[in-house]
There are 2 protein chains.
Amino acid sequence: MLVARPKTEPVTSAHERVYRTLRARIMYGELDPGQALTLRGIAADFDVSMTPAREAVRRLVAEGALSLSSSGRVSTLELTPERIEELAALRSLIEVELASRALPRAHFALIDRLQAINNTISDTVIRKDASGYIRSNLEFHRTLYLRAQAPAMLAMTETVWLQLGPTMRALYGRLKRTGPPQYHRLILSALRAGDEPSLRLAVRSDVTQGLRLLTN
Amino acid sequence: MLVARPKTEPVTSAHERVYRTLRARIMYGELDPGQALTLRGIAADFDVSMTPAREAVRRLVAEGALSLSSSGRVSTLELTPERIEELAALRSLIEVELASRALPRAHFALIDRLQAINNTISDTVIRKDASGYIRSNLEFHRTLYLRAQAPAMLAMTETVWLQLGPTMRALYGRLKRTGPPQYHRLILSALRAGDEPSLRLAVRSDVTQGLRLLTN
DNA sequence: CGCGCGCCCTTGTGATCACATAGCGCCCAT
DNA sequence: ATGGGCGCTATGTGATCACAAGGGCGCGCG
């Protein structure tokens, strides 16, 4: 017997729920590169029919988060070194611009929030929580970029993150982390100083650093 | 009675056909900004069921080519001036990089092809063919960027074109064109000279010029 | 014991249907 | 004449089914 939905709860469609959950899993590296998925499997996991599963998958394929074999099988991306370099270059281009646009609007409260997120990152390092590390690291960047008031650029950056997601965890394994990324400190001090050139350099460095581990 | 498909023809799924056609119509400005579409209408137009129509629309929504109202109605984008500025900035960032990467690989044959496309653009100006103008203008850029061997960047650029599509025709109306964009000449001479700084400037100017007409 | 072939079953595609809802127009009352 | 309310219909969502094709596994042959 169906129970009435509490009227305050925003009705979120089934495919939206499937989409959001899969998207987060991919972006935060909870799926391995090249991992195969099936529509019926996804549908069963979320206890919905194939239709919403198909829509969610289509959407993720369109965003480059999943790839479609010629016969229609879906799997997460396996990136070539060239593709990784390209995506890192895109991150660099767009994120430097976003940071630059956020700078004039970055007040103390924002910098405090970023500081707090940086501490969360430390926790994930101590707990060796790869997925949590990726999530809070991206949260650091997203919090800053949100201030740029540039939704299209932010969306584009997030689709790049999405494409890098499964591969990023592989990176985490090779990384001997002892704390938050070193360049986050530089980003914070450049923000405090209102120093745009330093900020651009710090963001570019932060975005590009991980790349080296992946391409060799 | 069904006729056997010629075996050489690549079997392209129904939703792919719908997707490609709609995508081209949007990118080349054949649909007005804010134009409403219905799944059943699209399905009828292409003589398919609602399923492929839904998938094609979902895909285009994911790429930002179409927007979904809260109740799920789909329509093309109506861009605010701020959004247009943002998209132009994205074009500038990515296309300058693509041009820069294409430069070392740009041989005579490529420059000849670009020249030929430029002539096609002249034809569309004479014929006052707005959609053809947009199509061949983008073809000019795509042909150059293809040489950059950077598929992810090119794909990202194309989704920006897609978002600007319906609005670009509005631009065309305000433009008193007498020939190909002036900056195309600069792009070509920079390519011939192998002059990267000039090329970057020319591409940025070409991409940004139209913007001014749209934001005031 | 290894390799290749064929068959079955898994999997994606497209059509159709039932249902809920939002938007729109029409009608009536003031 | 105009504004508001009501009801119909157009429209999106999700489920289910039929079908075709591709991949993987096992069997049989060398």
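Labels below follow one simple rule: chain letters A, B, ... track the order of the sequence lines, proteins then strands, and each chain is numbered from 1.
- Across the protein-nucleic acid pair, A:E55 atom CD and C:dG12 atom P stand 15 Å apart, rounded to whole Å.
- Contact annotation: B:H15 does not reach the phosphate of C:dT13 (side-chain N/O to OP1 or OP2, under 4.0 Å).
- Classification of the A:W161-A:Y145 ring pair by plane angle, with boundaries at 30° and 60°, yields tilted.
- Side-chain nitrogen and oxygen atoms of B:S71 include at least one within less than 4.0 Å of the OP1 or OP2 phosphate oxygen of C:dG23.
- Contact annotation: side chain of A:R40 to base of C:dG12, donor-acceptor pair present below 3.5 Å.
- D:dG14 atom C1' lies 10 Å from atom CE of B:M50, rounded to whole Å.
- When the nearest nucleotides of DNA chain C are assigned to A:G72 and B:S69 by heavy-atom distance, the more 5′-ward of the two goes with A:G72.
- Between the CZ atom of B:F46 and the P atom of C:dA15 there is a distance of 13 Å, rounded to whole Å.
- A side-chain donor-acceptor contact under 3.5 Å links B:T76 to the backbone of B:G34.
- In this structure, A:D47 atom CG and D:dA15 atom P are separated by 9 Å, rounded to whole Å.
- With C:dG12, D:dA15, C:dG14 as the choices, the nucleotide that has an atom nearest any side-chain atom of B:A14 turns out to be C:dG14.
- Neither OP1 nor OP2 of D:dG14 sits under 4.0 Å from any side-chain N or O of A:T51.
- Atom CZ in A:R73 sits about 12 Å away from atom C1' in D:dA20, given to the nearest Å.
- With hydrogens and angles left out, the side chain of A:R54 and the base of C:dG14 share a donor-acceptor pair within 3.5 Å.
- One can place CG of B:L60 at 17 Å from C1' of D:dG12, the figure rounded to the nearest angstrom.
- Looking at heavy-atom distances under 4.0 Å, A:I42 makes no contact with the nucleic acid at all.
- Residue contacts shown for A:L37 are limited to sugar-phosphate atoms, with no base heavy atom under 4.0 Å away.
- A 6.0 Å sphere centred on CG of A:D112 holds more than 12 heavy atoms belonging to other residues, nucleotides or ligands.
- When side chains are defined from C-beta on, A:L90 does not count as touching A:Q163, because their heavy atoms never get closer than 4.5 Å.
- For the side chain to side chain donor-acceptor pair (under 3.5 Å) test with B:Y19, the passing option among B:E55, B:R58, B:E63 is B:E63; the others fail.
- The CZ atom of B:R58 sits 17 Å away from the C1' atom of C:dG14 (whole-angstrom rounding).
- Taking atom CG of B:L39 as the reference point, atom P of D:dG14 lies 12 Å away to the nearest angstrom.
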